[in-house]
Protein chains: 4
Amino acid sequence: MRPTRRSDRADVRRPEVGRIAEIRSAADTPTRDRLLEAAMDVFAAKGYHAAAVDDIVAASQTSKGAFYHYFSSKQAIFVTLMDALGALLEDGIEAAIAEERGALAKVEAALGVVLETAEARRDLARILLIEAVGLGPELEAKRLGIHRRFAGVIRRHLERAVEEGSIPPQDTLLAAQAWVGALNELITRWLAEGRGRLGARLPALRGFLLRSIGAAGRGATRARRSRGAAAPRVRRNAGVRR
Amino acid sequence: MRPTRRSDRADVRRPEVGRIAEIRSAADTPTRDRLLEAAMDVFAAKGYHAAAVDDIVAASQTSKGAFYHYFSSKQAIFVTLMDALGALLEDGIEAAIAEERGALAKVEAALGVVLETAEARRDLARILLIEAVGLGPELEAKRLGIHRRFAGVIRRHLERAVEEGSIPPQDTLLAAQAWVGALNELITRWLAEGRGRLGARLPALRGFLLRSIGAAGRGATRARRSRGAAAPRVRRNAGVRR
Amino acid sequence: MRPTRRSDRADVRRPEVGRIAEIRSAADTPTRDRLLEAAMDVFAAKGYHAAAVDDIVAASQTSKGAFYHYFSSKQAIFVTLMDALGALLEDGIEAAIAEERGALAKVEAALGVVLETAEARRDLARILLIEAVGLGPELEAKRLGIHRRFAGVIRRHLERAVEEGSIPPQDTLLAAQAWVGALNELITRWLAEGRGRLGARLPALRGFLLRSIGAAGRGATRARRSRGAAAPRVRRNAGVRR
Amino acid sequence: MRPTRRSDRADVRRPEVGRIAEIRSAADTPTRDRLLEAAMDVFAAKGYHAAAVDDIVAASQTSKGAFYHYFSSKQAIFVTLMDALGALLEDGIEAAIAEERGALAKVEAALGVVLETAEARRDLARILLIEAVGLGPELEAKRLGIHRRFAGVIRRHLERAVEEGSIPPQDTLLAAQAWVGALNELITRWLAEGRGRLGARLPALRGFLLRSIGAAGRGATRARRSRGAAAPRVRRNAGVRR
DNA sequence: AATGAATGAGAGTTCATTCAT
DNA sequence: GATGAATGAACTCTCATTCAT
């Protein structure tokens, strides 16, 4: 009944925020990009409900009309943002994983990327881990989908590790979910407490998690990871245009 | 900011919802209790923001006036509810822990109670794990406090386990937080997926968590726990009046 | 899901605007009455769409909250108003009819009351005949219902007139509808042209309509009607204001 | 008020919609024609206010820019449409009248054309009789102008009928207005009720109206009219599409 | 002639909260 | 203690209109 809007393409151009956006011509759809950036800032700063569409419009220097031209609703821009941020994280993980050989090393690398990304992009972490929670069935489903995808990556490599004989046979689904939960909790607390380096907890966490899957002491990737820490995969507060 | 009312005892711990309430004369402050029950139902069903004070008033068969007589704001009743539900959970944990001797056994017992409680009281789980997230600094602090208290209990007994020599020395703070996160994730997914028995995952989870602290294979409390499962500590959907 | 509102009782207290309201304690629901009065003024002055809820609120010296406390929507207050005005008109007609004996005289009396009422209450006429048109299926149905009821009264008495032998057998349904349409057209034009006395056209109209049903020259009620004109049944701009 | 554009020829009478459009090269101003057609459909389907310019643009497969190139505003296209549809009706009436000799026969022919046209073109009827009502002074004036023109035609021939001696002297202005109103009411109800043949009521209506002007039983044109019914002057749903 | 991105005033509605009774 | 009418700020969303291309 209402004319279709050309936005809300949940699939399309997934990472409008993040790396790929850095590469693509930044002038592609500048208004839409500005809105997404502003939305990220505002949602991270005030939370979903306290963020008014007017706030986003003001922060983006565009207009209400532009907002609703590109996004059919406040929820729609939030979903788009979740997708973009989730994709940004996943891309980082995939890249880190690709650099490693062994299944365990891959899984450790993923772990490191998550902490690095959270530390470099508090806004991303806050939006995905805190502000996206409890927003109703639709957004909850989206959020769980992201968790599920991330846990899926971990699980896949845990399965390989079992095949490789690096770790004993086990319930890798549960292990992957538990890892995700552990990361979630650590990052959430770090966000709330607002001090200290999140990366500082990586070694202890790595030990804990490797132990949990029966791989204690076998972590052969330590050297590599510390390199990673020195040259983080996601620049601080980078990745969204600029 | 707003004139304080005698009803906003944020500290409470008065578990007006839960066990003790079952014991105390149910007619004590029936209006207040009705409001809290209704609030629990409504918040669990619709979430914090979608739940209108009018909804709670309607569900409680009381009045707006009564609501604001007992609670200074919507947020206040939510905090009271969080406190009550957190206390209910903690009470269950303390009781379970008291029944066990060894530090490790205590920690396992706590674990079991959490899953049992979540299963028996979806509303409680939903409110504490989902609906209480992302409601702003004040409520976030409250939520983290509950997490912290729970993690504190676990940590305390992990420390004892180290002293006892049951597990090697380690970063017990991180372990406790990671445990909390793992539980959170498992329960949250179970809530969303809505099917299956949560308790069914307990054995695998126990193995996973014990391994994570270097206690693999030492779990001597298996027999006990199964008893616990047969006589759950929290009755399904019990504890909040009705 | 939403608590029922005690207003929007389409049936109840039908003529809150008009005669009965004059009789009932005026302090009954003063806010609601003020809103209805204001709505009548504003709708008559600006039309349905151009009338903002804010206008009604401002004119009524109440508040948006009060508005939505008593009426679930802008459309709802308009419907209530249509009902009230329709009832006011009907009451006038019934009263006039009751005073006459012969079927034809009754029908003529009804005719007179309509013109009198329109002249005394331009706002009523404007709302029922102009502003209520083209507002969508729901309101259109309501509007037609009022027309139908009015035509029904006329038809009933035309049937009696046929039985009495005052007029020849004929399609009284069509005649009644045509009369309603003729009145509608005359009043609508008078509203638009804004000058002249509507009542001045009554004699010609009466002749025309009586002729149309084959009753030419038999109008025995002329004397009476002129009395009616001298003591109008509806006071100018009375009945809702007070 | 707003800079005049060359497309707002409010006078028009250019029946871009309707017969003449069928004759003129259909490719003359195809965009404008498409817009008018779409506007007719959309206004008839949703009503003036619910019809968004975007709807018209979408239905016409053109663009917002094209819309405002040809019409200065939403109201302007509606006025153009009213003019076109009014002209279409008038043309039909004039043609029918031209075929008759006697004044009364002419007037009866006009009557028949109106019912035929309404039946063949519900959209036209809906727009002129329902959706055009209550749209503010400007459009109200336009609407009354159309009514007045139509009533004028009837009146003129009633006057002739008086001169001819076919009917007694009378207030032909009032009679003409009443006729218009009666037709309006009948068609409006038929539109709302959506069933039955409008033409079926023509005989009764003709009798009623002839009686009303004192011409009962004199209708000499019955034979002719039935011809007309067999070969309707306006093809069903024709005249605007193509 | 034609496009559609952009504008922004303004709409209806919600709802936490107050307060006279 | 309890009621519910009343308040009004704030919200999301719509849509006629403009204008650079």
Side-chain angles (χ1 to χ4, degrees), chain A residues 2-3 5-7 29-32 34-35 49-57 61-76, chain B residues 2-3 7 29-32 35 49-58 62-77, chain C residues 2-3 5-7 29-32 35 49-57 61-77, chain D residues 2-3 7 29-32 35 49-58 62-77:
Chain A
R2 184 159 301 136
R5 300 178 181 230
R6 68 175 277 274
S7 43
T29 51
T31 302
R32 186 170 190 268
R34 287 233 302 284
L35 281 164
H49 278 104
V53 171
D54 270 328
D55 294 335
I56 297 173
V57 164
Q61 311 257 61
T62 63
S63 68
K64 270 251 206 31
F67 183 98
Y68 283 97
H69 182 70
Y70 286 109
F71 304 98
S72 60
S73 67
K74 180 179 163 184
Q75 176 166 317
Chain B
R2 187 161 298 133
S7 44
T29 51
T31 302
R32 186 170 192 270
L35 281 163
H49 278 103
V53 171
D54 266 326
D55 293 336
I56 297 173
V57 163
T62 64
S63 69
K64 275 273 230 330
F67 182 97
Y68 282 96
H69 180 70
Y70 287 111
F71 305 98
S72 63
S73 68
K74 180 179 165 183
Q75 178 166 316
I77 199 176
Chain C
R2 183 160 301 138
R5 300 178 181 230
R6 70 175 275 274
S7 43
T29 50
T31 303
R32 187 169 190 269
L35 281 164
H49 278 103
V53 171
D54 270 328
D55 295 335
I56 297 173
V57 164
Q61 310 258 60
T62 64
S63 68
K64 271 251 204 31
F67 183 98
Y68 283 96
H69 182 70
Y70 286 109
F71 304 97
S72 60
S73 67
K74 179 178 164 184
Q75 176 166 317
I77 200 177
Chain D
R2 188 161 297 132
S7 44
T29 51
T31 302
R32 187 171 190 270
L35 281 164
H49 278 103
V53 171
D54 266 326
D55 294 336
I56 297 172
V57 164
T62 64
S63 69
K64 274 270 229 334
F67 183 97
Y68 282 96
H69 180 71
Y70 286 110
F71 304 98
S72 63
S73 68
K74 179 179 165 184
Q75 177 166 316
I77 198 176

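Here is the naming used below: chain letters follow the sequence lines, and residue numbers restart at 1 for every chain. For the numbers below, each heavy atom of this structure counts, side chains included, while hydrogens, waters and symmetry mates do not. Every value quoted in this text rests on a predicted model; they were computed, and no experiment measured them.
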Within the pair D:Thr31 and E:dA2, is there a side-chain N or O less than 4.0 Å away from OP1 or OP2? yes

So, is B:His69 close to the F:dA2 phosphate, meaning a side-chain N or O under 4.0 Å from OP1 or OP2? no

Interatomic distance, D:Phe67 atom CZ to D:Ser72 atom OG [nearest 0.5 angstrom]: 8.5 Å

Anything below 3.5 Å on both distances counts as a pair; with that, list the stems of at least three consecutive Watson-Crick or G-U pairs involving DNA chain E. E:2-21 with F:2-21

Got a list of protein N/O to nucleotides 10-12 of chain F N/O distances below 3.5 Å?
{"residue": "F:dT12", "atom": "OP1", "partner": "A:Lys74", "partner atom": "NZ", "Å": "2.8"}
{"residue": "F:dT12", "atom": "OP2", "partner": "A:Val53", "partner atom": "N", "Å": "3.1"}

Measure across [X] and [Y] and return the closest heavy-atom pair with its distance rounded to 0.1 Å.
X: B:Ala66; Y: B:Thr62; answer: CB-CB, 4.1 Å
X: D:Leu35; Y: D:Tyr70; answer: CD1-CD1, 4.1 Å
X: A:His49; Y: A:Lys74; answer: O-NZ, 3.6 Å
X: A:Lys64; Y: A:Val57; answer: N-CG1, 3.6 Å

Both A:Gly65 and C:Gly65 contact DNA chain F. Taking the nearest nucleotide for each, which residue is further toward the 5' end? C:Gly65

What integer distance in Å separates [X]:[atom1] from [N]:[atom2]?
X: C:Arg32; N: F:dG4; atom1: CZ; atom2: C1'; answer: 16 Å
X: D:Phe71; N: E:dA2; atom1: CZ; atom2: P; answer: 12 Å
X: C:Tyr70; N: E:dT14; atom1: OH; atom2: P; answer: 18 Å

Does A:Ser63 or B:Phe67 map to a spot on DNA chain E nearer the 5' end, using the closest nucleotide for each? A:Ser63

